[in-house]
Amino acid sequence: MKFKPLGERILVERLEEESKTTSGIIIPDSAKEKPLMGKVIAISKQVADDKLVKEGEVVVFGKYSGSEIKLDKAEYIVLEIKDVLGVLSK
């Protein structure tokens, strides 16, 4: 199934955080928070025209931002571009 965001929105797949600390302690799933970073999967035409973010980039977003959806058994989040705090680069 293909999803095309409308307005000033993007479709993001959350990136999983490490389940182990640097000292080797394993963090159980019940203690983890949802990641606040994700890979951009799709962008609306307005966002593409503004050249704010591109597909494939990793973005950081607010804790309570966006709407979660399920597509083909995978979970995604639809974010308004104003909820994106920044783009990560190497």
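Note: hydrogens, waters and symmetry copies are ignored here, and every other heavy atom, side chains too, is used. Remember, it's a predicted structure, so these values are computed and weren't measured experimentally.
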Donor-acceptor contacts under 3.5 Å from residues 40-50 side chains, at least two apart:
from, atom 1, to, atom 2, distance (Å)
S44, OG, G7, O, 2.5
S44, OG, R9, O, 3.4
S44, OG, V47, N, 3.4
K45, NZ, D49, OD2, 3.1
Q46, OE1, E8, N, 3.3

Inset, instruction - Enter the distance from I10:CD1 to I81:CD1 here, rounded to the nearest 0.5 Å. - result: 4.5 Å
Legend entry - Whether over 12 other heavy atoms sit under 6.0 Å from K51 NZ: no
Legend entry - Side chains of Y76 and L71 in contact at under 4.5 Å (non-hydrogen atoms): yes
Legend entry - Value rounded to 0.5 Å, distance of CG in L11 from CD in E55: 9.0 Å
Legend entry - Rounded distance (nearest 0.5 Å) linking atom CG of D83 with atom CZ of F61: 10.0 Å
Legend entry - Straight-line distance of E75 CD to R14 CZ, nearest 0.5 Å: 8.5 Å
Inset, instruction - Please name all residues satisfying side chain to side chain contact (heavy atoms under 4.5 Å, CB included) with L88, sequence neighbours left out, ordered by chain then number. - result: M37, V58, V60
Inset, instruction - Could you check L15, L85, V53 and say which one makes a side chain to side chain contact (heavy atoms under 4.5 Å, CB included) with V59? - result: V53
